[in-house]
Peer 1: 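Structure provided below as structure tokens; questions to follow.
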2 protein chains.
Amino acid sequence: MTETKGLARNESPDRIPPRDRIVAAARELFYRQGIRAVGVDAIAEAAGTNKMTLYRHFASKDELVAECLRRLSVEKNEVWARLEAEHPGDPRAQLQAWLREAAGNVSDPRSRGCALANAAVELPEKDHPARQVIEQCKQTTRENLVALCRRAGVARPELLADQLFMLLEGALVCTQSTGHAGPACQFVTAGQAIIDAHLR
Amino acid sequence: MTETKGLARNESPDRIPPRDRIVAAARELFYRQGIRAVGVDAIAEAAGTNKMTLYRHFASKDELVAECLRRLSVEKNEVWARLEAEHPGDPRAQLQAWLREAAGNVSDPRSRGCALANAAVELPEKDHPARQVIEQCKQTTRENLVALCRRAGVARPELLADQLFMLLEGALVCTQSTGHAGPACQFVTAGQAIIDAHLR
DNA sequence: CAGGGGTGTTACCGGTCAGTAACTAGATAA
DNA sequence: TTATCTAGTTACTGACCGGTAACACCCCTG
């Protein structure tokens with residue numbers, strides 16, 4: 001007895017709590033169809049639950065959107081530790097690995113760009129709870145990329161980071177308007193040229 | 001007599017026909033607030049008319065969206081003739097002028113990115129009437145940029161064009177998530193570096 | 001003058017939206 | 001056991017959505 005101390009309740013078939021199922025379903029639907037195109041009923045149904053349970057966990061749809069982007073933001077920020085773990089003490093190898101990882105996202109045929117950037121397009125209201133999540137995550141990404149470029153020993157780390165940042169954002173948004181056979185297929189070549197130019 | 005042969009009717013105060021007012025109002029509202037966030041009633045009211053007149057000119061809201069993007073597409077394609085007129089027979093100067101013109105769009109504090117790219121984010125349905133307009137315009141832009149780079153005499157015109165294309169798309173989308181003080185402020189520097197590298 | 005086409009106005013349709021109330025079932029914890 | 005907490009279910013609200021019907025208006029043309 002005294003086994004399940006509150007953290008494992010109501011696991012009928014899947015043992016995933018409703019809150020997590022809701023966030024997972026919402027993330028997928030928001031990303032595939034767009035935030036404004038998805039209703040809360042559809043999210044609840046895709047999560048195998050209902051609207052009331054959704055509203056017991058989230059004050060509003062906007063808050064659910066923010067929570068989805070918050071989780072994505074956390075996941076995105078994990079890449080820096082992973083790069084360091086894969087190439088410890090070798091920032092240049094980490095930069096190359098970053099480029100390859102980014103290329104994987106760009107070339108993924110299921111990709112619909114960056115969910116955060118897409119949300120910024122769909123939600124222009126400055127006071128939307130998702131906006132600070134978006135801006136915070138992008139800012140953190142930029143800072144981590146600058147730090148990596150600095151450790152790589154380039155003369156102008158901020159410039160290199162911003163060039164790579166814009167290149168990646170551009171490639172991701174390109175796939176949605178020109179497809180994966182458009183300019184985005186030059187992502188690696190372009191990124192490598194930028195890095196090489198900075199490494200002399 | 002026989003003056004106004006049908007082209008100047010119903011010009012009460014402004015002499016702009018309702019259809020054009022509707023498209024102008026829709027373009028502004030779609031761009032500022034997002035396509036899905038704007039209702040047809042709001043468009044009609046902003047155009048100084050009503051919903052019935054709107055639906056007499058457009059079969060549906062989706063068709064109105066497509067028409068808005070079609071007009072934007074036409075305007076965007078005018079840039080190539082303008083560059084040629086301003087720097088006749090000097091493709092390298094035209095490329096520089098393109099970069100400066102693009103920089104103007106990026107740094108404009110009222111800019112919310114490219115309306116076509118934003119629409120591609122908001123309208124993922126493959127059969128939406130706006131999609132072929134988006135893809136067609138982006139494709140044409142890419143081809144014109146490749147042609148300009150080729151005339152400029154660089155060794156790999158397709159690569160240069162795609163690099164500049166991604167850079168511009170990235171800068172435009174960046175302004176919506178990281179603001180105008182983010183990576184986008186390095187647009188000109190980055191673009192110039194790319195061009196210089198190709199011109200040896 | 002008579003006619004007609006483009007416009008304005010009002011009211012309406014069915015559907016969907018975000019969000020809530022009230023109640024039931026089931027599992028846990030004392 | 002009893003009490004409590006969470007989740008499921010149904011039904012509902014009021015607002016708004018895209019789109020339409022019917023009719024009055026007005027200016028232009030014949």
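Numbered from 1 within each chain, the chains take letters A, B, ... in sequence-line order.
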Peer 1: In whole Å, what is the span from the CG atom of B:Asn50 to the C1' atom of D:dT20?
Peer 2: 13 Å
Peer 1: Treating primed atoms plus P, OP1 and OP2 as sugar-phosphate and everything else as base, which nucleotides of nucleotides 12-23 of chain C get B, S or - for protein heavy atoms under 4.0 Å?
Peer 2: ------BBBBB-
Peer 1: With hydrophobic residues grouped by side-chain heavy-atom distances under 4.5 Å, do A:Leu159 and A:Phe165 end up in a single group?
Peer 2: no
Peer 1: From CZ of B:Arg21 over to C1' of C:dG8, roughly how many Å is that when rounded to an integer?
Peer 2: 11 Å
Peer 1: Can you check whether B:Thr53 has a side-chain N or O nearer than 4.0 Å to OP1 or OP2 of C:dT7?
Peer 2: no
Peer 1: For D:dG8 and A:Thr49 - does any side-chain N or O of the residue sit under 4.0 Å from the phosphate oxygens OP1/OP2?
Peer 2: yes
Peer 1: When the distance from CD of A:Glu45 to P of D:dG8 is rounded to whole Å, what number comes out?
Peer 2: 13 Å
Peer 1: Going through the checks in order, is the side-chain hydrogen bond (donor to acceptor under 3.5 Å, both in side chains) test met by B:Gln163 and A:Gln186?
Peer 2: CA-CA 7 Å; B:Gln163 284 176 301; A:Gln186 297 282 11; over 6 Å; no
Peer 1: In the single-linkage hydrophobic clustering (I, L, V, M, F, W, Y; side-chain heavy atoms under 4.5 Å), do B:Val40 and B:Leu123 co-cluster?
Peer 2: yes
Peer 1: Report the C-alpha distance between B:Glu143 and B:Gln139 in whole Å, list the side-chain angles of each, state the deciding distance to 0.1 Å, and finish with yes or no for side-chain hydrogen bond (donor to acceptor under 3.5 Å, both in side chains).
Peer 2: CA-CA 6 Å; B:Glu143 289 168 359; B:Gln139 177 66 14; 2.9 Å; yes
Peer 1: Would you name the heavy atoms of A:Glu101 and A:Val79 that are closest together and state the gap between them?
Peer 2: OE2-CG2, 3.7 Å
Peer 1: What is the separation between atom NE2 on B:His57 and atom C1' on C:dG8, rounded to the nearest whole Å?
Peer 2: 12 Å
Peer 1: Check this for me: B:Arg100, atom CZ, are more than 12 non-hydrogen atoms of other residues, nucleotides or ligands nearer than 6.0 Å?
Peer 2: no
Peer 1: Take the protein atom CG of B:Leu64 and the nucleotide atom C1' of D:dC17, then report the distance between them rounded to whole Å.
Peer 2: 15 Å
Peer 1: Rounded off to whole Å, could you give me the CD-to-C1' distance for the B:Glu63 and D:dG18 pair?
Peer 2: 14 Å
